[in-house]
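For reference, the structure discussed in these notes is given below.
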Amino acid sequence: MASEALRRRLAKSFETAKRVRAQYENILQECSDYLLPGRHSFQAEKEMGDIRINKIYDSTGPNALIKAASGLYSRASNPYSKWFSMGLMSTHVPVQNLPANIRQWLDDTVNALRGLMAKPIAPVMYQGYLDALGLGTCMSYIEEDDLSVFRAKAIPLDQVYFLEGPFGVVDTIFRYYKMTARQIYYEFEDGHIPEVIKQCMQDDPERSFKVIHATYPRPGKERNPDQTENDPLSFPIGTMYVLENDWDHPMLESGYREMPYATLRLEKLPGEIWGRGPGLSALPDVRTLNESMRLILDASHMAIRPPMDVPTEAYITPFMLTPAAMNLNQDMSGRRATPMNTVGQLQITYQMLEERRAAVREAFFNDQLQLTGGPDMTAYEVSKRSEQQMILMGPWQGRLELEYYEPIINRCFAIAARAGVLPEPPEELMDGKNGLSQYYLSYESPLANAQRLLDVQTIDNTKASVLQTAQAGIPVTDLFNWDKMEISRAVALGLPSECIKSDDQVQQERQAQQEQQSQAQSMQQLQSLATTAKDLGGAPEGIQDALLGQMGMGGEGTGAAGLIPGQQSQEPQIMMPEQI
């Protein structure tokens, strides 16, 4: 059982995390109501089937958020494209220069891992993008599964409270959610079942209870020294399940080898813990749109069924506006009920709405995610415009990689490796201490590659300048490593490493090519000399000797072997006619 000091510390941390989130709940709730209606309830307990769309009169905000999340999903982590790759930290060698078996293992491992992540992880990441873009923060949970290796879920933000560690990384997380007595009984049957749960199993097994799932770092001194390395109590990440306000009786204490949560703050201000996103920037325009649409609907109702100016005592019966109603007028002076024109200039309102809608779409980068232009745009123009648009989304890439992609990939890789579903690594990668040499991740999605286009532009400009200078007669081409430039350019454009030859392979192929060219030149010289010697056969003997001497074929031992000193020719020896 967890020590009293640990339980008391977690209880205080939970209260602190609740106070921290309380400072953001107003803005989080408002962003959720206008952009993700019905998904979160930060200030009131949400009931099952509750539809919270009473503030939505215009769908521009939710639609812009969905388009932004879909664009980020397809351009940053599309599961059906190679959006990340692996390299080795210990070698400090580019992937293309690694031995062939190691390169093959890295490629096979990445392909296998992407295949395993496609179905359980990709939908959760899309839900995470919705939360991150709309509310600024998202959280995903990954756990081991006996059937599908691992399973994942997007954690609703109204269920979580979290705190940062010493390096600004979220390391203490509390999930606060409901479970029935029956669910608790079977979920924690290997742990400690509280007496109230046992009683409810007899009286009311469907009664709901609030459960707190605490996940926290476990320093070495807090790990159980009597347990083996495979015991959950010795794992670096600790976890504890308790009923609300019952920290003295934990239902289960266990651990994780890796942090099971990936918490993304898309944008983060100094001194803050929760994140911010484009949803907060677009919120004023979204509110304006919905309020304007509400007023327009009221104006439309008044235009269709306007208020009526009814003269006093002009009608015998009460005036009615229902279909086929009969209103008996008794006013002899001709006074009649007339509609009152109270509708303003809707054309001005419509123009303002379009401006606000454009501002909302721009806040969510919809104009960047959807190409605009005429039908006569060339493929090059489309490509360049798409690249420039993705560069504008570059500030998100760093936090996506640090707080979202790396925790998810590292967690999935570790689970899959323990399950034995990844290719067996080569023996040279195994070390006695850690089992596998450390690896690093690089990202090759269209969004990640777009951030490296500046390198491509620099290389292209340098090549053009060097060639222009060389044409002017100034020898500058030998100042640059053209092979390295082309490799760097290909890598920046996202070319897979398996398509790039290693330095050794390139050197061997170039050496073989040079040898073939040298042999071809030698054979051509031999044939030329042989033809010349044959033509000289009819010349007088003195002239033959003089010419052969100038060609290096005269003197004792003259023959085909003398054509190339130091080499044995395969050509037959040339005989003069008088020697036959």
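Between the side chains of S442 and S85, a donor-acceptor pair is found at a separation under 3.5 Å. Side-chain atoms of S59 and N63 include a donor-acceptor pair closer than 3.5 Å. Remark: the R257 side chain and the N230 side chain contain an N/O donor-acceptor pair separated by less than 3.5 Å. Looking at N111 and R114, their side chains do bring a donor and an acceptor atom within 3.5 Å of each other. In this structure, a donor-acceptor pair under 3.5 Å is absent between the side chains of D131 and Q127.
Between H213 and Y141, the ring planes are perpendicular. Angles over 60° get that label, and only those under 30° would be called parallel.
Using a 4.0 Å cut-off between charged side-chain N and carboxylate O, D483 and R510 make a salt bridge. Taking 4.0 Å as the cut-off between side-chain N and carboxylate O, E267 and R399 do not count as a salt-bridged pair. Here D58 does not pair with R356 in a salt bridge; the nearest charged N to carboxylate O distance is not below 4.0 Å. In summary, K268 and E164 engage in a salt bridge, as defined by a charged side-chain N under 4.0 Å from a carboxylate O. Salt bridge R21/E25: present, at least one basic N to carboxylate O contact under 4.0 Å. One finds no salt bridge joining R357 and E362 here, because no Lys/Arg side-chain nitrogen approaches an Asp/Glu carboxylate oxygen to under 4.0 Å. For E144 and R418, the salt-bridge test passes: some basic side-chain N is under 4.0 Å from an acidic carboxylate O. A salt bridge between R489 and D460 is present, with a side-chain N of the basic residue lying under 4.0 Å from a carboxylate O of the acidic one.
The ring pair (Phe, Tyr, Trp, His ring centres under 6.0 Å) test with W396 is passed by exactly one of Y129, F365, Y405, F364: F365. Under the ring pair (Phe, Tyr, Trp, His ring centres under 6.0 Å) test applied with F162, the options Y176, Y24, W274 reduce to a single match, W274.
Within a 6.0 Å sphere centred on CD of Q524, heavy atoms belonging to other residues, nucleotides or ligands number 12 at most. Summarising the local packing, CD of Q507 is surrounded by 12 or fewer heavy atoms from other residues, nucleotides or ligands at distances under 6.0 Å. Counted within 6.0 Å of CD on Q468, heavy atoms from surrounding residues, nucleotides or ligands total 12 or fewer; the atom is thus considered open.
Note: F174 and Y161 fail the aromatic proximity criterion, with ring centroids not under 6.0 Å apart.
Not one N or O on the side chain of S465 forms a donor-acceptor pair closer than 3.5 Å with the backbone of T462. Without hydrogens or angle criteria, R151 side chain to I121 main chain gives no donor-acceptor distance under 3.5 Å. A donor-acceptor contact shorter than 3.5 Å links the side chain of S70 to the backbone of I66. Q159 places no side-chain N or O within 3.5 Å of a backbone atom of R175 that could act as its donor or acceptor partner. Judged purely by atom type and a 3.5 angstrom limit, T288 uses its side chain to pair as donor or acceptor with the backbone of P284. No donor-acceptor pair under 3.5 Å is formed between the side chain of W105 and the backbone N or O of P426.
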Q: Starting from the C-alpha separation in whole Å, work towards a yes-or-no answer on side chain to side chain contact (heavy atoms under 4.5 Å, CB included) for L35 and L283.
A: CA-CA 8 Å; L35 299 173; L283 184 59; 5.6 Å; no
Q: May I have the step-by-step check of side chain to side chain contact (heavy atoms under 4.5 Å, CB included) for M86 and L441, ending in yes or no?
A: CA-CA 5 Å; M86 297 172 59; L441 297 171; 3.9 Å; yes
Q. Under the side chain to side chain donor-acceptor pair (under 3.5 Å) criterion, do D145 and S148 qualify, and how do the steps go?
A. CA-CA 6 Å; D145 185 77; S148 59; 3.0 Å; yes
Q. Given L36 and L135, is the side chain to side chain contact (heavy atoms under 4.5 Å, CB included) satisfied, shown in steps?
A. CA-CA 9 Å; L36 293 166; L135 307 181; 4.3 Å; yes
Q) Yes or no on side chain to side chain contact (heavy atoms under 4.5 Å, CB included) for Q516 and Q511, after CA distance, side-chain angles and deciding distance? A) CA-CA 9 Å; Q516 292 177 356; Q511 184 175 359; over 6 Å; no
Q.
Working note: R39 + D33, criterion salt bridge (Lys or Arg N to Asp or Glu O under 4.0 Å); need CA distance, chi angles, decisive distance, verdict.
A. CA-CA 8 Å; R39 181 171 173 83; D33 290 343; over 6 Å; no
Q.
Checking S13 against T172 for the side chain to side chain donor-acceptor pair (under 3.5 Å) test, could you report, in this order, the C-alpha distance in whole Å, the side-chain angles of both residues, the deciding distance, and whether it holds?
A. CA-CA 8 Å; S13 296; T172 303; over 6 Å; no
Q | Test side chain to side chain donor-acceptor pair (under 3.5 Å) applied to E401 and Q397, step by step | A | CA-CA 6 Å; E401 293 179 4; Q397 184 67 23; 2.8 Å; yes
**Q.** side chain to side chain donor-acceptor pair (under 3.5 Å) assessment of S77 paired with Y404
**A.** CA-CA 11 Å; S77 60; Y404 204 53; over 6 Å; no
Q.
Before you tell me yes or no, could you show the steps for R265 and E272 under salt bridge (Lys or Arg N to Asp or Glu O under 4.0 Å), namely the whole-Å CA-CA distance, both residues' side-chain angles and the distance that decides it to 0.1 Å?
A. CA-CA 10 Å; R265 283 81 54 85; E272 294 193 352; over 6 Å; no
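When side chains are defined from C-beta on, L72 counts as touching L447, because their heavy atoms get closer than 4.5 Å. With a 4.5 Å cut-off on side-chain heavy atoms, I155 and Y261 count as touching.
Of all heavy-atom pairs between N449 and E444, the closest is ND2-O, 3.1 Å. Listed here is the closest heavy atom pair of P166 and D171: CD-OD2, 4.3 Å.
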In residues 407-416, what donor-acceptor pairs under 3.5 Å come from side-chain atoms, sequence neighbours left out?
| residue | atom | partner | partner atom | Å |
| --- | --- | --- | --- | --- |
| N410 | OD1 | Y439 | OH | 3.0 |
| N410 | ND2 | E406 | O | 3.1 |
| R411 | NE | I142 | O | 3.2 |
| R411 | NH1 | E258 | OE1 | 2.7 |
| R411 | NH2 | I142 | O | 3.2 |

